[in-house]
Amino acid sequence: MAPQARDLAGLDAAVSHCYACPRLVEWREEVGRVRRRSFADQAYWARAVPGFGPADASLLLVGLAPAAHGGNRTGRMFTGDRSGDVLVAALHELGLASQPTSTSSDDGLRLHGVRFTAPVHCAPPDNKPTTAERDTCRPWLVRELDLLRPTVRAVVALGAFGWQAVLPVLAGAGWTVPRPRPAFGHGARVLLEPVADGPALTLFGCYHVSQQNTFTGRLTPAMLRDVLAEAWQAAGGEPTRRHQG
């Protein structure tokens with residue numbers, strides 16, 4: 001269905017009807033039936049989760065996959081869990097999100113020039129999708145980048161999984177990826193020239209906003225803001241609140 005999507009709204013609608021990976025479908029639906037005790041009274045989305053953000057975004061943030069009780073519950077990327085709290089708070093401080101919290105799909109959050117997505121659109125067991133599941137889901141990300149190509153100028157890969165997943169997608173979407181492929185690292189920055197006529201794109205690496213990283217101090221709010229601010233400037237955005245301050 002991905003190649004047939006004519007715009008991002010159509011792509012986002014189509015991805016929620018994907019049943020391509022039996023293990024992921026079984027898991028996401030089981031989580032929606034069993035539920036966490038603190039969310040026992042809520043109806044879970046329990047489907048593939050589409051990207052979120054404006055169709056003319058200049059900055060794309062690529063994570064790993066929806067959290068079982070976050071995006072899989074709320075139906076929106078980086079919403080309803082601690083990872084989303086940390087990421088959206090940083091974006092809000094930079095003036096790139098309308099509010100500092102991301103709690104539900106109807107909470108009024110708006111992103112300014114920024115879009116969330118992931119290489120895997122279903123919540124995986126133990127937060128670990130297989131290589132085959134990543135590759136099966138790849139056409140969604142390929143089409144998303146095709147549709148964003150007129151405006152996107154920077155990508156932030158949140159974590160090594162996102163970095164490794166997005167490199168072949170960027171190559172397939174028309175950008176030149178160096179050989180050997182650049183290694184992931186927090187603060188890594190790689191300029192990708194277009195294969196043919198078109199815009200260049202800058203890829204940034206950032207530690208994932210998982211609790212494992214934020215609770216241990218491996219990724220601090222300041223570290224996250226610095227990468228996001230640098231990526232926003234590379235995307236051609238106006239100076240953020242952080243730079244203005």
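Count residues from 1 along the sequence.
With Trp232 as the aromatic partner, Arg153 does not meet the cation-pi criteria of under 6.0 angstrom to the ring centre and within 45 degrees of the ring axis. A cation-pi contact links Arg28 to Tyr19, judged by a cut-off of 6.0 Å to the six-membered ring centre and 45° from its axis.
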side-chain contact (heavy atoms from CB on, under 4.5 Å) between Arg33 and Arg35: does it pass, once the steps are laid out?
CA-CA 6 Å; Arg33 287 192 301 270; Arg35 306 178 190 178; over 6 Å; no
Assess whether side-chain contact (heavy atoms from CB on, under 4.5 Å) is satisfied between Leu87 and Phe116, documenting all intermediate values.
CA-CA 10 Å; Leu87 181 57; Phe116 298 152; 3.6 Å; yes
I'd like to know whether Glu144 forms a side-chain hydrogen bond (donor to acceptor under 3.5 Å, both in side chains) with Thr117, so could you lay out the CA-CA distance, the side-chain angles of the two residues, the decisive distance to 0.1 Å, and finally the verdict.
CA-CA 9 Å; Glu144 191 167 11; Thr117 193; 2.6 Å; yes
As a quick check of understanding, evaluate side-chain contact (heavy atoms from CB on, under 4.5 Å) for Leu228 and Val114, giving each step before the final call.
CA-CA 10 Å; Leu228 293 175; Val114 179; over 6 Å; no
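Summarising the local packing, CZ of Arg110 is surrounded by 12 or fewer heavy atoms from other residues, nucleotides or ligands at distances under 6.0 Å. Annotation: Gln99, atom CD; neighbour count of heavy atoms from other residues, nucleotides and ligands within 6.0 Å is above 12.
Between Ser210 atom OG and Arg218 atom CZ the span is 8.5 Å, to the nearest 0.5 Å. Interatomic distance, CG of Leu61 versus CG of Leu91, reported as 6.0 Å (0.5 Å rounding). Here the straight-line distance linking atom SG of Cys206 with atom CD of Glu230 works out to 11.0 Å at 0.5 Å rounding. Between the CG atom in Leu158 and the OG atom in Ser83 there is a gap of 9.5 Å [rounded to 0.5 Å]. Atom-to-atom distance recorded for Leu59:CG and Leu111:CG is 10.0 Å, nearest 0.5 angstrom. Here the NE2-CG distance, from His92 to Leu109, works out to 9.5 Å after rounding to the nearest 0.5 Å.
With a 4.5 Å cut-off on side-chain heavy atoms, His69 and Val31 count as touching. Between Leu24 and Val120, some side-chain heavy-atom pair lies under the 4.5 Å cut-off. Side-chain contact check for Gln212 versus Tyr207: every heavy-atom pair is 4.5 Å or farther apart. No side-chain heavy atom of Thr176 sits under 4.5 Å from any side-chain heavy atom of Leu192.
A pairwise comparison of heavy atoms in Thr101 and Asp107 identifies O-OD2, 4.0 Å as the closest pair. Between Cys18 and Trp140, the shortest heavy-atom distance links the atoms SG-NE1, 3.7 Å. For the pair Ala157 and Gly162, the tightest heavy-atom approach, listed with the atom from each and the gap, is CB-C, 3.9 Å. The two residues Tyr44 and Arg36 have their closest heavy-atom pair at OH-N, 3.3 Å. Closest approach of Arg76 and Ser105 over heavy atoms only: NH1-O, 3.6 Å. Of all the heavy atoms in Val190 and Pro182, the pair that sits closest is CG2-CB, 3.7 Å.
For Ser102 (side chain) and Asp85 (main-chain N/O), no donor-acceptor pair under 3.5 Å exists by modelled atom type. Judged by distance alone, with hydrogens and angles left aside, the side-chain atoms of Trp175 form a donor-acceptor pair with the main-chain N or O of Pro199 at under 3.5 Å. Of the possible donor and acceptor atoms, one in the side chain of Thr74 sits under 3.5 Å from a partner among the backbone N and O of Thr79. Judged by distance alone, with hydrogens and angles left aside, the side-chain atoms of Arg73 form no donor-acceptor pair with the main-chain N or O of Gly70 at under 3.5 Å. For the pair His121 (side chain) and Ala48 (backbone), a donor-acceptor distance under 3.5 Å is absent. Within the 3.5 Å criterion, the main-chain N or O of Gly217 finds no donor-acceptor partner in the side chain of Thr220. Distance alone, capped at 3.5 Å, places no donor-acceptor pair between the Arg134 side chain and the Pro119 backbone.
When ring centroids are compared, Phe161 and His208 stay outside the 6.0 Å threshold.
The pair Arg115-Asp56 does not meet the salt-bridge criterion, since no charged nitrogen lies less than 4.0 angstrom from a carboxylate oxygen. Ionic pairing of Glu29 and Arg47 is not present here: no N-O contact between side-chain nitrogen and carboxylate oxygen is shorter than 4.0 angstrom. A salt bridge links Arg138 with Asp135: the closest approach of a Lys/Arg side-chain nitrogen to an acidic carboxylate oxygen falls below 4.0 angstrom.
By the 30° and 60° cut-offs, the orientation of the rings of Phe184 relative to Trp163 is perpendicular.
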